[in-house]
Peer 1: 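I have a structure here, written as structure tokens, and I will follow up with some questions on it.
As the structure is a computational prediction, the values presented were derived from the model and not from experiment.
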Amino acid sequence: MVAGLTPLGVMVLALLRESDMHPYEMVRLLRARHDDRLITVTNGTLYHTVARLQRAGLLDEVGTDREGNRPERTTYTLTDAGGEAVVAWVRRALPRIDRETDARVALAESHNLDRDDAVALLQERREALVASYALHHDGLAAARTKGVPPQVLVEIERQEALLDAELRWLDTLLTRLDGDELRWGPDAFDDTDRYRAQRKAAQQ
């Protein structure tokens, strides 16, 4: 596991699992896919992240090009260590429920794991969610029995409801993963016209 690998770093490395690309294309793809709802994506932070990942040996330059009056663009490729870092980070973050941003990015990139690995880690996540739900549910019941004013319990009520909703969603996902309904894994994507058009637009 590489120390200091950020959620944005994980998403950059995951992009390079698809294909070699330059940072400008990475930014445009992240925005086109609305991944900036998960993390803040700016040109500056992404270029800084790419430089850090290169120093760590997780990606490497494969060439530069210049078209017309555009600035010179450096294209990067994923190293073996970078591919392993994506999987290791997702495996560590997916079962945890105490870091919301990490968990959302791990879920978004969980298709980088094979199905059995993803299911096992999601089951671990479910166990943690069940324990946290019970803690909130029992705590609310005890507080109400003691006459705690309802207005001071609204945040705990919200968290109980969110935990209940995620558990119901997660059970549905695990059922889908148990059958053939949901294609899974890094090789499960079709090279569709939409995907090719998205990539072409991001390269402009």
Peer 1: Working note: V41 + M26, criterion side chain to side chain contact (heavy atoms under 4.5 Å, CB included); need CA distance, chi angles, decisive distance, verdict.
Peer 2: CA-CA 10 Å; V41 179; M26 297 176 196; over 6 Å; no
Peer 1: I want to check something: taking the side chain as every heavy atom from C-beta on, are L8 and V105 in contact at a cut-off of under 4.5 Å?
Peer 2: no
Peer 1: Heavy atoms only: give me the nearest P7-I39 pair and the separation to one decimal.
Peer 2: CB-CG2, 3.9 Å
Peer 1: Assigning hydrophobic clusters by single linkage (Ile, Leu, Val, Met, Phe, Trp, Tyr; side-chain heavy-atom cutoff under 4.5 Å), is L174 placed with L182?
Peer 2: yes
Peer 1: Output all residues satisfying side-chain contact (heavy atoms from CB on, under 4.5 Å) with V130, sequence neighbours left out; order by chain, then residue number.
Peer 2: R126, L167
Peer 1: With no hydrogens and no angle check, is any side-chain donor or acceptor of W184 less than 3.5 Å from a backbone partner on L113?
Peer 2: yes
Peer 1: Decide whether E160 and H137 meet the rule of one side-chain donor and one side-chain acceptor closer than 3.5 Å.
Peer 2: yes
Peer 1: Looking at T77, D20, V12, which one forms a side-chain contact (heavy atoms from CB on, under 4.5 Å) with L59?
Peer 2: V12
Peer 1: Answer yes or no: are there more than 12 heavy-atom neighbours, outside R158 itself, under 6.0 Å from its atom CZ?
Peer 2: no
Peer 1: Locate the shortest heavy-atom distance separating N112 from A14; write the atom from each residue and the value.
Peer 2: ND2-CB, 4.2 Å
Peer 1: Nearest 0.5 angstrom please: E25 CD to R28 CZ, how far?
Peer 2: 9.5 Å
Peer 1: When you group the ILVMFWY residues by side-chain heavy-atom contacts below 4.5 Å and let the links chain together, are Y133 and L140 in the same group?
Peer 2: no
Peer 1: Before you tell me yes or no, could you show the steps for M21 and Y76 under side chain to side chain contact (heavy atoms under 4.5 Å, CB included), namely the whole-Å CA-CA distance, both residues' side-chain angles and the distance that decides it to 0.1 Å?
Peer 2: CA-CA 6 Å; M21 59 185 74; Y76 294 89; over 6 Å; no
Peer 1: Could I get the full list of side-chain contact (heavy atoms from CB on, under 4.5 Å) partners for V152, not counting sequence neighbours?
Peer 2: V148, P149
Peer 1: Over all heavy atoms of both residues, which pair between T49 and G9 is shortest? Give the atoms and the distance, please.
Peer 2: CG2-CA, 3.6 Å
Peer 1: Does any N or O in the side chain of T40 come within less than 3.5 Å of the main-chain N or O of D36, such that one atom is a donor and the other an acceptor?
Peer 2: no
Peer 1: Counting C-beta onward and ignoring hydrogens, is there a side-chain heavy-atom pair between V119 and D178 closer than 4.5 Å?
Peer 2: no
Peer 1: Enter the distance from H111:NE2 to R17:CZ here, rounded to the nearest 0.5 Å.
Peer 2: 8.0 Å
Peer 1: Determine whether M11 and L30 satisfy the following criterion, side chain to side chain contact (heavy atoms under 4.5 Å, CB included), listing intermediate values before the conclusion.
Peer 2: CA-CA 8 Å; M11 299 193 86; L30 288 170; 4.3 Å; yes
Peer 1: Same cluster or not: are W169 and L94 linked, directly or through other Ile, Leu, Val, Met, Phe, Trp or Tyr residues, by side-chain heavy atoms under 4.5 angstrom apart?
Peer 2: yes
Peer 1: With the side chain counted from C-beta on, respond yes when D117 and L121 share a heavy-atom pair under 4.5 Å apart, and no when they do not.
Peer 2: yes
Peer 1: With rounding to the nearest 0.5 Å, note down the distance linking CD in E109 to CG in L13.
Peer 2: 9.5 Å
Peer 1: I'd like to know if the side chain of T79 and the backbone of G57 have a donor-acceptor N/O pair within less than 3.5 Å.
Peer 2: yes
Peer 1: Under 4.0 Å between a side-chain nitrogen and a carboxylate oxygen: does that hold for R96 and D98?
Peer 2: yes
Peer 1: Mind listing the closest non-hydrogen atom pair of A106 and V90 along with its distance?
Peer 2: O-CG1, 3.7 Å
Peer 1: Are the side chain of W89 and the backbone N or O of V10 linked by a donor-acceptor pair below 3.5 Å?
Peer 2: no
Peer 1: Which residues satisfy the ring pair (Phe, Tyr, Trp, His ring centres under 6.0 Å) test with H48, sequence neighbours excluded?
Peer 2: none
Peer 1: Where the side chain of T45 meets the backbone of T42, is there a donor-acceptor pair that is under 3.5 Å apart?
Peer 2: yes
Peer 1: Between CG of L58 and CG of D60, what distance do you get to the nearest 0.5 Å?
Peer 2: 10.5 Å
Peer 1: Which pair of non-hydrogen atoms, one from L122 and one from L170, has the smallest distance, and what is that distance?
Peer 2: O-CD2, 3.7 Å
Peer 1: At what distance, to the nearest 0.5 angstrom, does CG of D102 lie from CG of L107?
Peer 2: 11.0 Å
Peer 1: Taking NZ, NE, NH1 and NH2 as the nitrogens, is one of them in D164 or R168 under 4.0 Å from a carboxylate oxygen of the other?
Peer 2: yes
Peer 1: Check this for me: does any side-chain nitrogen of one of E166 and R125 sit under 4.0 Å from a carboxylate oxygen of the other?
Peer 2: yes
Peer 1: Considering only NZ, NE, NH1 and NH2 on the basic side and carboxylate oxygens on the acidic side, decide whether E18 and R33 come within less than 4.0 Å.
Peer 2: yes
Peer 1: Determine, stepwise, if the pair R73 / Y24 fulfils side chain to side chain contact (heavy atoms under 4.5 Å, CB included).
Peer 2: CA-CA 8 Å; R73 293 175 175 173; Y24 183 69; 3.4 Å; yes
Peer 1: In terms of side-chain heavy atoms, does T172 have a donor or acceptor partner in T175 at a distance below 3.5 Å?
Peer 2: no
Peer 1: Keeping S132 on the side-chain end and A128 on the backbone end, is there a donor-acceptor pair under 3.5 Å?
Peer 2: no
Peer 1: Any side-chain heavy atom of L29 within less than 4.5 Å of one from L15?
Peer 2: yes
Peer 1: For the atom pair OG1 (T74) and NE2 (H22), what is the distance rounded to the nearest 0.5 Å?
Peer 2: 10.0 Å
Peer 1: Does R115 use its side chain to pair, donor to acceptor, with the backbone of G185 at less than 3.5 Å?
Peer 2: no
